[in-house]
Amino acid sequence: MSKHRQLIARSVLFATVAPLAISAYSLSTPTNPPTTTPPASVTLTGVVRDFKERTVTGGHPDFERQPTGGFAQYCDNIHPVLGADKKPVFKGGGWKLKTQWKNSAGKNICWRLYNPSLGDVVGSKNSGTDTGGIQSAATFDKWYNDDIAVNVSAPLSLTLTRQSNGTYVFDSNTDPACVALGGFFPIENQLFGNPGGSPNRNFHFTYELHTKFRYDASANQTFAFRGDDDVFVYINGNLVIDLGGVHGAIEQEVNLNRLGLVNGQEYDLDFFFAERHRTHSNFKITTN
């Protein structure tokens, strides 16, 4: 079957986004220009793709696959620069994380952002290489591209709600729909439908989201994600969060002042998520 690439719905992080009845090919745009009054919430729209697990007919070989080194976080399997098609690129040669890299506040950071001059604490890794349960570049390429042989897709919107401290949050632990299902299952009984098993939830999906933000050097801007399984976040085309592998909920945070951005300019934020194992599904975005 030929591969069909689609234009991802985009929305602007600093402006209120009107709810839209959209297809996966349409473009989400702000209703008003940015103002000095922060909106109460921000809705971002991306694409969710449903897969079947590797053991059934039409299943994808990376879903319900245990990494060679066991369930854990694996890093450096994805190219640190976003591909020309705005998709992450598998390179392999990665490794199993042993202890986390942390900033001076004790928060987990991507190993690529380690800077001892900022008081960061160096992490450690196991010896040898491990792809983190990804069979090949060809199988990974299907995670974030439409391929009717292995996945079906639909638009998916998430609403981040402004908190008293000025951050915007979507958290599957507090979102009413997620709480009712016991986790982040945005396509429950949809697309391929629930696969059976225990728990009988619609695991085995990916989520791709592209948005923009305006960098403010004085605002101490941050973006954090906590969840499972794989998560790769790119800012200005560069990898800033690397939560590869099949694992429980893990958090990483990036402070944008580390990235050499130019004050006042707009930049892309590209977000890629995968739920590959039927145990738990957690999803939390926190950003200011």
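Positions are given from 1 along the sequence. Reckoned from all heavy atoms, side chains included, excluding hydrogens, waters and symmetry mates.
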field: Hydrophobic cluster membership, Y74 vs F71, 4.5 Å side-chain cutoff
entry: no
- request: Might you work through the side-chain contact (heavy atoms from CB on, under 4.5 Å) test for R276 and E64, ending with a clear yes or no?
  value: CA-CA 6 Å; R276 293 199 283 149; E64 290 301 334; over 6 Å; no
- prompt: Okay, side chain of D50, backbone of L191: is any donor-acceptor separation there less than 3.5 Å?
  reply: no
message: Within the 3.5 Å criterion, strictly below it, is a donor on S124 or T99 matched to an acceptor on the partner's side chain?
response: yes
- request: Describe, in one word, how the ring planes of F51 and F63 are oriented to each other, choosing from parallel (under 30°), tilted (30 to 60°) and perpendicular (over 60°).
  value: parallel
- prompt: Do F271 and Y234 touch side chain to side chain, with heavy atoms closer than 4.5 Å?
  reply: no
message: Between H277 and F203, is the ring centroid distance below 6.0 Å?
response: no
- request: Kindly work out whether a path of hydrophobic side-chain contacts (I/L/V/M/F/W/Y, heavy atoms less than 4.5 Å apart) joins L261 to I241.
  value: yes
Member of K96, K98, H247, Q100 meeting the side chain to side chain donor-acceptor pair (under 3.5 Å) criterion with Q73: Q100
Between N257 and Y215, a side-chain donor and acceptor under 3.5 Å: yes
message: Taking E208 first and then K87, would you say they form a salt bridge - that is, a charged N and a carboxylate O separated by under 4.0 Å?
response: yes
field: Flag, side chain of T206 to backbone of W143, donor-acceptor distance under 3.5 Å
entry: yes
field: Test side chain to side chain donor-acceptor pair (under 3.5 Å) applied to S281 - qualifying residues, sequence neighbours left out
entry: E275
- prompt: Linking I/L/V/M/F/W/Y whenever any side-chain heavy atoms sit under 4.5 Å apart, do L97 and Y114 land together?
  reply: yes
query: So do the side chains of V122 and W101 get within less than 4.5 Å of each other, counting heavy atoms only?
result: yes
field: Expected output: side-chain T129 to main-chain G94 donor-acceptor under 3.5 Å
entry: no
Gap between atom CG of D268 and atom NZ of K212 - 0.5 Å precision: 4.0 Å
Flag, side chain of Y267 to backbone of V262, donor-acceptor distance under 3.5 Å: yes
field: Aromatic centroids of F232 and H79 separated by under 6.0 Å
entry: no
- request: For R278 and P199, work out which heavy atoms get closest and say how close.
  value: O-CD, 4.2 Å
Nearest heavy-atom neighbours spanning R226 and D171: NH2-OD1, 3.1 Å
query: So, the side chain of N151 versus the backbone of D146: is there a donor-acceptor pair under 3.5 Å, distance only?
result: no
task: Check the hydrophobic clustering (I, L, V, M, F, W, Y; side-chain heavy atoms under 4.5 Å; chains of links allowed) and say if F223 and F184 are grouped together.
output: yes
field: Rounded distance [0.5 Å steps], CG in D62 versus CD in Q135
entry: 6.5 Å
message: In the structure I gave you, are the side-chain heavy atoms of L158 and F283 within less than 4.5 Å of one another anywhere?
response: yes
query: Quick check: are there more than 12 heavy atoms from other residues, nucleotides or ligands sitting under 6.0 Å from NZ of K107?
result: no
side-chain contact (heavy atoms from CB on, under 4.5 Å) assessment of V240 paired with C110: CA-CA 6 Å; V240 296; C110 179; 5.7 Å; no
field: Spacing of OG1 belonging to T139 relative to CZ belonging to R65, to within rounding of 0.5 Å
entry: 7.5 Å
- prompt: Can you name the nearest heavy-atom pair linking F170 to C178, along with the distance?
  reply: CZ-SG, 4.0 Å
Close side-chain approach of S104 to L118, heavy-atom, < 4.5 Å: no
- line: Value for CZ (F213) from CD (Q265), rounded to nearest 0.5 Å, stands at 10.5 Å
Reported OG-to-CZ distance for the pair S41 and R162, which is rounded to 0.5 angstrom: 11.5 Å
field: Side-chain (N288) to main-chain (N220) donor-acceptor, under 3.5 angstrom
entry: yes
task: Can you see which heavy atom on F205 is nearest to which on I187, and at what distance?
output: CB-CD1, 3.8 Å
query: S172 and G183: which non-hydrogen atoms are nearest, and at how many Å?
result: CB-C, 4.5 Å
message: Do W95 and W111 have side chains that approach each other closer than 4.5 Å (heavy atoms only, starting at C-beta)?
response: yes
- prompt: Do side-chain atoms of Y168 reach the backbone of P39 as a donor and acceptor pair under 3.5 angstrom?
  reply: yes
message: Tell me whether D270 is salt-bridged to K86, with the criterion being a basic N under 4.0 Å from an acidic carboxylate O.
response: yes
query: Donor-acceptor pair, D130 side chain versus G69 backbone, under 3.5 Å?
result: yes
message: For K125, is there an ion pair with D76 - N to carboxylate O distance below 4.0 angstrom?
response: no
- request: Flag the pair F273 / Y207 as yes when their ring centroid distance falls below 6.0 Å, and as no otherwise.
  value: no
- prompt: Which atoms form the tightest heavy-atom contact between F185 and N202, and what is the distance?
  reply: CD2-O, 4.0 Å
- line: side-chain contact (heavy atoms from CB on, under 4.5 Å) test vs Q221 passes for just one of V254, N255, L256, namely L256
task: State, yes or no, whether a side-chain contact exists between S136 and F90 at a heavy-atom distance under 4.5 Å.
output: no
query: Is it the case that K52 places NZ or CZ above or below the six-membered ring of F192, under 6.0 angstrom from the centre and within 45 degrees of the axis?
result: yes
- request: Would you indicate whether the side-chain heavy atoms of T287 and L160 approach each other to under 4.5 Å?
  value: yes
- request: Report yes if some heavy atom in the side chain of Y144 is under 4.5 Å from a heavy atom in the side chain of D85; otherwise report no.
  value: no
task: Taking N108 for its side chain and E251 for its backbone only, find out whether a donor-acceptor pair lies under 3.5 Å.
output: yes
Chi angles and distances behind the side-chain contact (heavy atoms from CB on, under 4.5 Å) call for L239, V233: CA-CA 6 Å; L239 185 64; V233 179; 5.9 Å; no
message: Suppose the criterion is side chain to side chain donor-acceptor pair (under 3.5 Å): which pairs have a residue in residues 190-201, not counting sequence neighbours?
response: E188-N194, E188-R201, N189-N194
- request: Supply the atom-to-atom distance N282 CG to T279 OG1, rounded to the nearest 0.5 angstrom.
  value: 10.5 Å
message: As a quick check of understanding, evaluate side-chain contact (heavy atoms from CB on, under 4.5 Å) for I78 and V89, giving each step before the final call.
response: CA-CA 6 Å; I78 309 304; V89 178; 5.7 Å; no
field: Modelled atom types, side-chain donor and acceptor of N115 and D120, under 3.5 Å
entry: no
